[in-house]
Amino acid sequence: MLIDLARTSAAVAASPARLAKIGHLAELLSRVEPDEAEIAIAYLSGELPQRQIGVGWRTLQDIPEPRQVATATLCQIDGLLSRIKARTGPGSQAARKELVGELFRSVTRQEQSFLLRLLGGELRQGALHGVMVEAVARAADVPAAEVRRALTLRGWLPAVGAAALTGGVAALRDFHLEVGRPVAPMLAQSAPNVPAAMEKLGGLAALEWKIDGIRVQAHRSGTEIRVFTRTLDDITAQVPELVEAVLALPVDDIVLDGEVIALRPDGRPEPFQVTASRVSSKTDTARLRETTPLSVFFFDALRVGGADLLDLPDSERHEALVSTVPAELIAPRLVTADPEEGMTFFAQVLRRGHEGVVAKSPTTPYAAGRRGAGWVKVKPRHTLDLVVLAAEWGHGRREGKLSNLHLGARDPRSGDFVMLGKTFKGLTDELLAWQTERFLAMADGPSDEWVVRVRPEMVVEVAFDGVQRSPRYPGGMALRFARVLRYRPDKRAEDADTVDSVRELLL
DNA sequence: TTCCGACAGTGGGGTCGCAAT
DNA sequence: ATTGCGACCCCACTATCGGAA
């Protein structure tokens, strides 16, 4: 029953202790029917078996009154969500809205609350994937490592969890790396500079170009090629250059990890926006590849010639990569234990216009789907002193606190401030409390339900990765990945950085 | 007893496709 | 032709729990 999940979710949200959350989830899983296990695991880890159904925050406004008695089963809900997803074409928005209304009319208030959070993509119960893996392990009475291993190879926890509940360890061992079925890619931690990254790895490190493009996982079985993104979406049709490159390799059973990027004729990278536009365009690919060709840089091999390499150390996987893929398709790499040499390599990468480096431990296996300690990325960081123009009320654990800051640079000609973007990052609870009080006292001008405008007096030091062209902001530029470093009460607005100094970074 | 790895949460800018206006 | 929504590309950072040291 849906009500069982709603109650479990509420209990999970109410217990701060992770072990207690795991206990609640495992208890539910231990009494779920086999044919509904997959749905239950998906919902309670914040996912839908349909993945996306075309319903977002807007469609979830104006929810009808609930009913009094809970009767909905998981299969009924799942069926309705599939019908919603299937609605496409003219009239589909109204049809979806109607079906969403039907869905919410058929459940109680507590179930509505659960479904709202689930469909809105914000479960807010302090448990998603990571906690659910532990809960599955406990409910199925199998080691969590076995669940994680199967998940690595299958990429979809509801399927793995359902198998564990019905078939135990034996069923989990049946999962293998399958060519054509994507594996959750390994992610990197970060460090402020190359020596720090190398120290994290224990000295010896393989440094590779960090390319500012789109992560790709390329599968080939015979002459069949499939290309997947970080979230395991299939983008094969959008990247014909990559398909041809993989088809030209001498091995026909292979899984590679890499990055695609649009390069200019001189070999320097286009801005990320250009690559993103090219890769997400589904029409006119033939013409686009003439004007904006894609290049690929592979940096890992998960399978070569029928052999799974996930558990091998990085150095051996890279050897396999080098022996199968031509050098011009591989991210340049330097193995060194010398921080000085590492810094030189970093400087060279930046001079060529690329984003930074990823330092890798030569000994670590491929930690699929995890932010493994074996990979550490390093990027340069810019900072500016900007002026707070407004602040937005936060959500969730930031409810009642002014959170998201509107940032402006000084325009020396007009004396006005030009907005360059927003940030909510880098703020501690203490800082959130302080700025809420402070900005309410500084409030000025028209404020609405979400935004409190303030007198442009408070200077804040902001770190960011770069400046990009913006179709949205008045100065035509915006900061990428802005985050607060600290407030500068010692500075006045007149001391803040100007739009001219920001524009210089746009080059 | 302290340290630190892993997770969840809180949102950022930009782009596309599609349906509605 | 334009606008709004949903989905997805890139992402940083803090708080917290609980096992490791």
Side-chain angles (χ1 to χ4, degrees), chain A residues 13 15-22 45-46 51-61 87-97 119-134 148 187-190 211-216 229-233 235 238 259-261 271-284 355 367 370-373 377 379 381 392 394-399 401 403-407 420-432 462-473 477-485:
Chain A
S15 332
R18 272 210 282 275
L19 293 175
K21 292 180 193 287
I22 291 166
S45 53
R51 286 199 72 173
Q52 257 65 51
I53 59 168
V55 169
W57 63 276
R58 196 65 178 81
T59 317
L60 295 173
Q61 312 248 301
R87 288 302 178 114
T88 55
S92 62
Q93 276 184 23
R96 278 191 174 146
K97 184 100 189 167
L119 298 182
E122 297 172 322
L123 209 48
R124 283 179 178 156
Q125 59 179 20
L128 294 169
H129 244 82
V131 176
M132 182 56 90
V133 164
E134 303 287 335
R148 265 188 225 106
L187 307 175
Q189 304 187 346
S190 55
I211 313 260
D212 190 12
I214 308 282
R215 183 81 176 265
V216 285
T229 64
R230 227 189 87 170
T231 48
L232 314 186
D233 284 293
I235 55 164
Q238 288 114 283
E259 191 95 1
V260 283
I261 184 170
F272 173 74
Q273 287 153 306
V274 173
T275 297
S277 168
R278 166 61 215 275
V279 172
S280 53
S281 294
K282 295 181 179 180
T283 57
D284 239 0
E355 195 185 15
R370 321 245 306 280
R371 209 166 276 288
K377 60 183 165 184
K379 296 187 285 182
R381 194 190 73 171
E392 296 177 12
H395 302 80
R397 74 183 298 281
R398 292 192 177 188
E399 180 137 29
K401 298 285 195 312
S403 172
N404 201 3
L405 306 175
H406 296 199
L407 304 167
L420 294 172
K422 310 177 189 178
T423 186
F424 58 92
K425 295 170 184 164
L427 299 164
T428 60
D429 287 355
E430 188 186 3
L431 218 42
L432 282 166
V462 168
F464 58 100
D465 277 24
V467 181
Q468 56 193 358
R469 294 193 183 283
S470 170
R472 173 185 327 197
Y473 287 108
M477 48 190 184
L479 303 183
R480 195 157 178 225
F481 310 141
R483 59 266 191 190
V484 169
L485 287 183

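Every chain is numbered from 1 and lettered A, B, ... according to where its sequence line falls, protein lines coming before strand lines.
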From the list [options], which nucleotide is the closest neighbour of the side chain of [X]?
X      : options                : value
A:H395 : B:dA19, B:dA8, B:dG11  : B:dG11
A:T229 : C:dG6, C:dC9, C:dC17   : C:dC9
A:E392 : C:dG6, B:dG13, B:dG12  : B:dG12
A:Q52  : B:dG17, C:dA7, B:dG12  : C:dA7
A:A478 : B:dG14, C:dC5, B:dA19  : B:dG14
A:H129 : B:dG11, B:dC16, B:dA8  : B:dA8
A:T231 : B:dA6, C:dC9, B:dG12   : C:dC9
A:S277 : B:dC16, C:dC10, C:dG6  : B:dC16
A:S92  : B:dA19, C:dC11, B:dC16 : B:dA19
A:R472 : C:dC17, B:dG14, C:dT14 : B:dG14

May I ask you to say what [X] touches in the nucleic acid, namely base, sugar-phosphate or nothing, with a heavy-atom cut-off under 4.0 Å?
X      : answer
A:K21  : nothing
A:Q125 : sugar-phosphate
A:T88  : sugar-phosphate
A:D212 : nothing
A:A127 : sugar-phosphate
A:S190 : nothing
A:L123 : nothing
A:V484 : nothing
A:K379 : sugar-phosphate
A:R18  : base
A:V131 : sugar-phosphate
A:T423 : nothing
A:I53  : sugar-phosphate
A:A482 : nothing

Between [X] and [N], does any side-chain N or O lie under 4.0 Å from OP1 or OP2?
X      : N      : answer
A:S280 : B:dG17 : no
A:N404 : B:dT10 : no
A:R58  : C:dC5  : yes
A:Q273 : B:dT15 : yes
A:R397 : B:dG9  : no
A:W57  : C:dG6  : yes
A:K377 : C:dA12 : yes
A:Q189 : B:dA6  : yes
A:S470 : B:dG13 : no

Is a side-chain N or O of [X] found less than 3.5 angstrom from the main chain of [Y], in a donor-acceptor match?
X      : Y      : answer
A:S281 : A:S277 : yes
A:Q238 : A:V279 : yes
A:R96  : A:R87  : yes
A:E259 : A:V216 : no
A:R371 : A:A188 : yes

In whole Å, I'd like the distance from the [atom1] atom of [X] to the [atom2] atom of [N].
X      : N      : atom1 : atom2 : value
A:K422 : C:dC11 : NZ    : P     : 22 Å
A:L427 : C:dA12 : CG    : P     : 16 Å
A:R278 : C:dC10 : CZ    : P     : 16 Å
A:D465 : C:dA12 : CG    : C1'   : 8 Å
A:E134 : B:dG5  : CD    : P     : 17 Å
A:I214 : C:dC9  : CD1   : P     : 7 Å
A:L431 : C:dT14 : CG    : C1'   : 11 Å
A:L479 : C:dC11 : CG    : C1'   : 14 Å

- Query: Going by atom types alone, do A:R483 and A:T423 pair a side-chain donor with an acceptor below 3.5 Å?
  - Reply: no
- Polar contact flag, side-chain donor to acceptor under 3.5 angstrom, A:H395-A:E122: no
- Heavy-atom nearest nucleotide on DNA chain C taken for A:L19 and for A:R371; more 5' hit belongs to A:R371
- Item | Contact nearer the 5' end of DNA chain C, comparing A:R51 with A:L485 | A:R51
- A:T59 versus A:K97, closest heavy-atom pair with distance: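 In this case the closest contact between A:T59 and A:K97 is O-NZ, 3.4 Å.
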- Item | Complementary nucleotide of B:dC7, counting Watson-Crick and G-U pairs under 3.5 Å | none
- Nearest nucleotide by nearest heavy atom, which residue falls closer to the 5' end of DNA chain B, A:S281 or A:F272?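 The residue mapped nearer the 5' terminus is A:F272.
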- Of A:R124 and A:A276, whose nearest nucleotide on DNA chain B comes first from the 5' end? A:R124
- Query: Salt bridge between A:D429 and A:K401, side-chain N to carboxylate O under 4.0 Å?
  - Reply: no
